[in-house]
There are 2 protein chains.
Amino acid sequence: MEHIAWVSVDAFAVLAEPSRRRILDTLRRAECSVGELVDTLELSQPAVSKHLRVLREAGFVSCRTVAQHRIYRLDLRRLRAVDDWLAPYRRMWETHLDALERHLDKE
Amino acid sequence: MEHIAWVSVDAFAVLAEPSRRRILDTLRRAECSVGELVDTLELSQPAVSKHLRVLREAGFVSCRTVAQHRIYRLDLRRLRAVDDWLAPYRRMWETHLDALERHLDKE
DNA sequence: AGCTTAGATGCCTTGACAGGCATATGCCGG
DNA sequence: CCGGCATATGCCTGTCAAGGCATCTAAGCT
């Protein structure tokens, strides 16, 4: 069921929430249990769980169960989709930057 | 006044709105008047104007006045901020990809 | 000056979503 | 099998943003 659902979720909408970006930033360093995230983010446990649910359904994170803990872990695939949207723009400023450098070299 | 304001606007929140991304995608090809955007996006004129205001105040676009037209134009600086957030993640999948390639090379 | 076109703004309604709190579920140890 | 810890979920409420419509402003034309 989830495997279908997350395709339709708007990645940017998910990232619009600052707390969710902070969760990703935290998971970037190391995978993490919910409790650890609660401590790090200073947010209530239900709030964190809800954000994790959104991130999970959107494919930004995956989780596995270890005893009574859930260990969450970054899934990079979805972020690449965001990066894909950005790519053409990045090409633009890279060429602009190149042009600028060439301009400065002439002086 | 605006020069101060747009620093505090959350870039991701601005991009969360699909119509606004479509506007940027359109402006990426060429600068554009409001009317042209209305035609392209099939959205009401007030709606487009409001999105443009958000984009403008967030620093994603700039505009100049030509007769009774307003020509909007992409401003890449703000997108680079988004890209900056993404950069550490990109490094991650690039190294993962490298690792995968090395792995495949061995076979 | 009056008319028209391009665009911006204001008001209103509606829908989505975040957080708080209470509660349910799942898993462990004894 | 029971109590307790870790996490998930439901319900409620407040907030905020998007779109529709009407209106205002500004610039050009005759």
Side-chain angles (χ1 to χ4, degrees), chain A residues 1-2 5-6 8-27 30-75, chain B residues 1-2 5-6 8-27 30-74 78:
Chain A
M1 183 191 276
E2 272 193 25
W6 73 264
S8 59
V9 180
D10 184 338
F12 281 94
V14 174
L15 295 182
E17 169 61 44
S19 305
R20 286 198 281 262
R21 292 201 301 274
R22 292 181 57 210
I23 290 180
L24 293 181
D25 285 335
T26 307
L27 291 180
E31 49 179 30
C32 237
S33 73
V34 179
E36 292 171 315
L37 290 170
V38 171
D39 294 342
T40 312
L41 306 179
E42 295 184 336
L43 246 145
S44 80
Q45 176 268 312
V48 172
S49 278
K50 285 172 192 170
H51 285 309
L52 286 170
R53 182 196 175 116
V54 174
L55 288 167
R56 186 168 14 98
E57 290 183 344
F60 285 102
V61 301
S62 59
C63 84
R64 71 195 143 93
T65 304
V66 175
Q68 66 271 66
H69 297 250
R70 301 274 170 98
I71 309 295
Y72 280 83
R73 171 193 174 81
L74 203 57
D75 185 338
Chain B
M1 184 190 274
E2 273 192 26
W6 72 264
S8 58
V9 180
D10 185 337
F12 280 94
V14 173
L15 296 181
E17 171 61 42
S19 306
R20 286 197 284 262
R21 292 200 301 274
R22 292 181 58 211
I23 290 179
L24 293 181
D25 285 334
T26 307
L27 292 180
E31 49 179 32
C32 235
S33 73
V34 179
E36 293 171 316
L37 289 170
V38 170
D39 294 343
T40 313
L41 306 180
E42 295 184 336
L43 244 141
S44 79
Q45 175 267 313
V48 172
S49 278
K50 285 172 192 170
H51 284 310
L52 285 172
R53 182 196 175 116
V54 174
L55 288 167
R56 188 166 16 98
E57 292 183 342
F60 284 103
V61 302
S62 59
C63 84
R64 72 197 143 93
T65 305
V66 175
Q68 67 272 62
H69 296 252
R70 302 273 170 97
I71 309 296
Y72 279 83
R73 170 194 174 79
L74 202 58
R78 207 60 203 293

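Numbered from 1 within each chain, the chains take letters A, B, ... in sequence-line order. Since this is a predicted model, take the numbers as computed values, not measurements.
Here the C1' atom of nucleotide C:dC21 and the CG atom of A:Leu43 are 15 Å apart, to the nearest Å. One can place CG of A:Leu55 at 10 Å from P of C:dA18, the figure rounded to the nearest angstrom. For A:Leu41 and C:dG19, the CG to C1' distance is 14 Å, given to the nearest whole Å. We find that CZ of A:Arg20 is positioned 12 Å from C1' of C:dG19, with the value rounded to whole Å. Separating the CZ atom of B:Arg56 from the C1' atom of C:dT9 is a distance of 11 Å, rounded to the nearest angstrom. Residue A:Ile71 contributes atom CD1, which lies 12 Å from atom P of D:dA6 at whole-angstrom precision. Going from atom CZ of A:Arg64 over to atom P of C:dC27 covers 16 Å, rounded to whole Å. Counting to the nearest Å, the P atom of D:dT7 and the CD1 atom of A:Ile23 are 13 Å from each other.
Within the 4.5 Å cutoff, side-chain heavy atoms of A:Leu24 are placed close to those of A:Leu15. Residues B:Arg53 and B:Lys50 form no side-chain contact, since every pair of their non-hydrogen atoms from C-beta on lies 4.5 Å or further apart. Between A:Leu52 and A:Leu37, some side-chain heavy-atom pair lies under the 4.5 Å cut-off.
Checking B:Lys50 against B:Ser33, the closest nucleotide of DNA chain C that is more toward the 5' end is the one next to B:Ser33. In terms of position along DNA chain C, the nucleotide closest to A:Val54 lies nearer the 5' end than the nucleotide closest to the other residue of the pair A:Arg70 and A:Val54.
Put simply, the side chain of A:Arg70 never gets that close to the backbone of A:Cys63: no donor and acceptor are under 3.5 Å apart. The backbone N or O of A:Val14 sits less than 3.5 Å from a side-chain atom of A:Arg20, completing a donor-acceptor pair.
Side-chain proximity of A:His69 to D:dT7, C:dC21, C:dG19: nearest is D:dT7. Of the candidates C:dA8, D:dA8, D:dG20, the closest approach to any side-chain atom of B:Gln45 belongs to C:dA8. The B:His51 side chain lies nearest to D:dA18 when the options are D:dG20, C:dG19, D:dA18. For B:Glu17, counting side-chain heavy atoms from C-beta on, the closest listed nucleotide (D:dG19, D:dA6, C:dA18) is D:dG19. Distances were taken from every side-chain heavy atom of B:Val34 (C-beta onward) to each of C:dG7, D:dG28, D:dG19; the shortest belongs to C:dG7.
Between D:dA6 and A:Tyr72, no contact under 4.0 Å exists linking OP1 or OP2 to a side-chain N or O.
Residue contacts shown for A:Ser44 are limited to sugar-phosphate atoms, with no base heavy atom under 4.0 Å away.
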